[in-house]
Structures are given as C-alpha cells and as structure tokens.
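Index from 1, following the sequence. Computed over heavy atoms, backbone and side chain alike; hydrogens, waters and symmetry mates excluded.
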Amino acid sequence: MLPCLIVFEKVDIVDVLQGKLDFAKGYLGCETWRAEVEGSAEENAGRLLREFGLEEEGVDTEGGLVDTVIEASGAASSVETGIHILRSGGKYVQTGLGKPKIEFPIVAMGQKELMIRGCFRYGAGDYELAVGLLKKGLVDVKPLISSVTPFEKATEAWDKTARGDGVKNLIEGVRD
C-alpha cells in the first residue's frame, strides 16, 4: 500500500476478490476493478481498458495508455493482463511471487519495447523506512491487520489467507 505515498496521476487496484477491492477503495480512496477468473488475459485487459477509457488508438497499436503496472499477486493471468494493458515503452514491475515458471506474453513485451523489472518483497533500508513512516503517522496499518492468530494455531491463519479472507492475517510469535 506504500505506492500511494508516491505521486501518481491515478492508481487503480485490480483483483478477483470483491472484498479486497472494497477494502482498497475505502482505505486508499482509489478506483478498483474486478477481473473475471473465467476470462482470458487478453479479454480482461480489453475490458479493463474500455471501462477506464484507456484504450490506445492508432495504426499498429495494441494495448492501452497505462504507463506503469506493479503486479503484486504473481498469478500468471495477472502477469499476462498487466503486459497487455501497458502502452508501448511502458514499465512493468513484478513484485508478486507465484509459480516458479509461467506462460509469458513475450511477443507483446518485445513489440511494445517494455521496461521490465523484478522486485523482491523488501530490500535494504525498507524496515527503517517503514518504521519512520509509522512514527510520523503517515501510514495507518491497523486497518490492514485482519486477524491475529496464536502461533499454536498458525495453520488457521494460512487457511484464512488461502481463502482470500482479510488483508493481513498475522501469526503471533511463540510465547513463553
């Protein structure tokens, strides 16, 4: 949720779970869009671009007017949709970790001359940055915590997360 502290002209959140979108809209005040699980990446990309008025027009164009995609799920369909909605020369950042190998729209990536970057969940200095933001009151994390589960029942937290329940399901450390 940190990207909202950085200046963007527009932030849109895409997910397949309506509950996650409802939370994002209330917490971030951004636009949301629900992807269809049954639809192909190309169909979802086309529908998203039409509904947000981001279709690119012209000769030999394919994709949209989206400058940057930050993909945070790692789901193959989301990766593909992200590539398809970008404009030529757009930027794609992969932060989500999914399966080790997926099908990837390499022709679309090459034709659009996209800039692609990988990013692990966190890096050097991120902890200090996060603590600083919390100390200054710039980020309210309490609404992000959906549940706190004792360590002895950790599998319950994993089950909640697997079902898509909540935003962050925390597991307490071992208590003496």
Side-chain angles (χ1 to χ4, degrees), residues 1-35 44 48 52 54 64 66-83 85-87 89-102 104 109 114-176:
M1 305 282 176
L2 181 59
C4 288
L5 296 176
I6 302 167
V7 177
F8 287 105
E9 184 175 321
K10 184 177 181 186
V11 174
D12 297 320
I13 305 288
V14 177
D15 205 304
V16 296
L17 300 173
Q18 189 61 49
K20 302 265 186 189
L21 295 172
D22 294 341
F23 175 83
K25 190 170 201 157
Y27 183 73
L28 300 172
C30 62
E31 292 292 323
T32 63
W33 188 81
R34 186 170 182 267
N44 274 323
L48 185 150
F52 281 109
L54 294 169
V66 177
D67 291 316
T68 305
V69 167
I70 302 172
E71 201 293 312
S73 73
S77 60
S78 295
V79 171
E80 288 186 58
T81 300
I83 296 295
I85 65 173
L86 281 166
R87 66 168 176 80
K91 298 167 202 73
Y92 179 92
V93 181
Q94 184 63 46
T95 65
L97 301 175
K99 294 180 180 178
K101 294 182 181 182
I102 62 167
F104 184 82
M109 179 207 67
L114 300 178
M115 292 189 294
I116 296 184
R117 183 168 200 126
C119 175
F120 192 60
R121 295 179 192 136
Y122 47 83
D126 286 354
Y127 180 78
E128 291 81 8
L129 172 65
V131 170
L133 293 171
L134 291 170
K135 280 183 180 177
K136 292 177 183 176
L138 295 173
V139 178
D140 181 13
V141 296
K142 288 183 182 177
L144 299 173
I145 300 170
S146 304
S147 69
V148 179
T149 305
F151 182 80
E152 297 76 26
K153 297 182 179 183
T155 55
E156 291 178 16
W158 286 110
D159 291 342
K160 287 179 193 175
T161 301
R163 289 191 306 267
D165 294 347
V167 177
K168 288 293 176 190
N169 297 303
L170 302 183
I171 300 170
E172 289 181 336
V174 177
R175 294 184 181 207
D176 292 331

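- Nearest approach of F52 to E31, heavy atoms of both residues: CE2-CB, 3.8 Å.
- Without hydrogens or angle criteria, E152 side chain to A154 main chain gives no donor-acceptor distance under 3.5 Å.
- Under the 4.5 Å side-chain criterion, counting only non-hydrogen atoms from C-beta, F23 is in contact with L144.
- No donor-acceptor contact under 3.5 angstrom links the side chains of T81 and N44, judged on distance only.
- Residues E71 and S73 have side chains that bring a donor and an acceptor to within less than 3.5 angstrom of each other.
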Quick one: do V69 and I85 satisfy side chain to side chain contact (heavy atoms under 4.5 Å, CB included)? Show the steps, please. CA-CA 8 Å; V69 167; I85 65 173; 3.8 Å; yes
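- Considering every non-hydrogen atom in both A24 and T32, the closest pair reads CB-CG2, 4.4 Å.
- For the pair V14 and L21, the tightest heavy-atom approach, listed with the atom from each and the gap, is C-CD2, 4.0 Å.
- Contact of the V141 side chain with the L134 side chain is registered, since non-hydrogen atoms from C-beta on lie closer than 4.5 Å.
- In terms of heavy atoms, M109 sits closest to I83 at N-CG2, 4.1 Å.
- A salt bridge is defined here as a Lys NZ or Arg NE, NH1 or NH2 lying under 4.0 Å from an Asp or Glu carboxylate O, and D165 with R163 meets this definition.
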Working note: W33 + D12, criterion side chain to side chain contact (heavy atoms under 4.5 Å, CB included); need CA distance, chi angles, decisive distance, verdict. CA-CA 7 Å; W33 188 81; D12 297 320; over 6 Å; no
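- One distance of note links NZ of K91 with CD1 of I70; it measures 11.0 Å at 0.5 Å rounding.
- Residues K160 and S147 meet the side-chain proximity criterion, which asks for heavy atoms closer than 4.5 Å.
- Between the side chain of K99 and the backbone N or O of A75, no donor-acceptor pair lies under 3.5 Å.
- From L28, atom CG reaches atom CD1 of I13 across 5.5 Å, with rounding to the nearest 0.5 Å.
- Under 3.5 Å, the side chains of N169 and S146 contain no donor-acceptor pair of N or O atoms.
- Residues satisfying the ring pair (Phe, Tyr, Trp, His ring centres under 6.0 Å) criterion with F120, sequence neighbours excluded, are Y122.
- Atom OG in S78 sits 9.5 Å away from atom CD1 in I102 (nearest 0.5 Å).
- Atoms CH2 and CD1, on W158 and I171 in that order, are 5.5 Å from each other to the nearest 0.5 Å.
- Few gaps surround CZ on F104; more than 12 heavy atoms of other groups in view lie less than 6.0 Å from it.
- Side-chain contact check for Y92 versus R117: every heavy-atom pair is 4.5 Å or farther apart.
- Atoms CD and NZ, from Q18 and K25 in turn, are 9.0 Å apart once rounded to the nearest 0.5 Å.
- The shortest heavy-atom contact between T95 and A72 is OG1-CA, 3.3 Å.
- In this structure, V66 and R87 have side chains that are not in contact, with every pair of non-hydrogen atoms separated by 4.5 Å or more.
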